[in-house]
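Accompanying notes for the structure given below.
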Amino acid sequence: MYAVCVTFTIKPGQMEAFLPLMIENAQTSRAFEPGCQQFDICRAGNVIFLYEIYDDRAAFEAHLATPHFQRFDADVADMVAEKQAQFYDEVFR
């Protein structure tokens, strides 16, 4: 298991445009990436928190190379004030 936690701080006035793109990216990842086991989206004000679970690091790197992720990343670039990501390897399950 490989866990990815991402926090986006969205610029003022951009959340309405950002959320549908984020949801589409998550849904497409779950539907078409066999290594993507979970993709949760949470919100607190102008902050979006993602909790993603992949089979392994290779599955996450494959996710980053997909056309849908590349499109999402480009489409939201100007909507994001700050982005932080943390990565975790499985210790015990």
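The structure presented is a predicted model; accordingly, all values stated were derived computationally and were not measured.
Residues satisfying the ring pair (Phe, Tyr, Trp, His ring centres under 6.0 Å) criterion with Tyr54, sequence neighbours excluded, are Phe60, His63. Under the rule for a side chain to side chain contact (heavy atoms under 4.5 Å, CB included), the partners of Gln38 that lie at least two apart in sequence or sit in another chain are Asp40, Tyr51, Ile53. Considering only residues two or more places apart in sequence or on other chains, Gln27 meets the side chain to side chain contact (heavy atoms under 4.5 Å, CB included) condition with Ile23. Partners of Ala58 under the side chain to side chain contact (heavy atoms under 4.5 Å, CB included) rule, at least two apart in sequence or in another chain, are Asp56. Judged as a side-chain hydrogen bond (donor to acceptor under 3.5 Å, both in side chains), and not counting sequence neighbours, Gln70 has no contacts.
Taking all atoms of both residues into account, the shortest heavy-atom contact from Phe72 to Leu21 is CD1-O, 3.6 Å. When every heavy atom of Val47 is checked against every heavy atom of Met15, the shortest pair comes out as N-CE, 4.3 Å. Here the closest heavy-atom approach between residue Glu52 and residue Phe39 is recorded as OE1-CE1, 3.4 Å. Pairing each heavy atom of Ser29 with each of Cys36, the nearest pair is O-CB, 3.7 Å. Closest of all the heavy-atom pairs between Pro34 and Asp55 is O-OD2, 3.8 Å.
As a member of the Ile/Leu/Val/Met/Phe/Trp/Tyr network built from side-chain separations under 4.5 Å, Tyr88 groups with nothing else and remains a singleton.
Residue pairs meeting the side-chain hydrogen bond (donor to acceptor under 3.5 Å, both in side chains) criterion with at least one member in residues 2-21, sequence neighbours excluded: Tyr2-Arg57. Sorted by first and then second residue, the pairs that involve residues 83-93 and meet salt bridge (Lys or Arg N to Asp or Glu O under 4.0 Å), not counting sequence neighbours, are Asp73-Lys83.
In this structure, the side chains of Leu19 and Ile10 stay at 4.5 Å or more apart for every pair of heavy atoms.
Remark: Glu33 CD to Thr66 OG1 distance equals 5.0 Å, nearest 0.5 Å.
Residues Phe87 and Ile41 fall within the same hydrophobic cluster, defined by Ile, Leu, Val, Met, Phe, Trp and Tyr side chains chained together at heavy-atom separations under 4.5 Å. Hydrophobic clustering (side-chain heavy atoms under 4.5 Å, transitive across Ile, Leu, Val, Met, Phe, Trp, Tyr) groups Phe8 together with Leu64.
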Pair up each side-chain donor or acceptor in residues 74-82 with any protein partner under 3.5 Å, not counting sequence neighbours, and list the distances.
from: Glu82; atom 1: OE2; to: Gln84; atom 2: NE2; distance (Å): 2.9

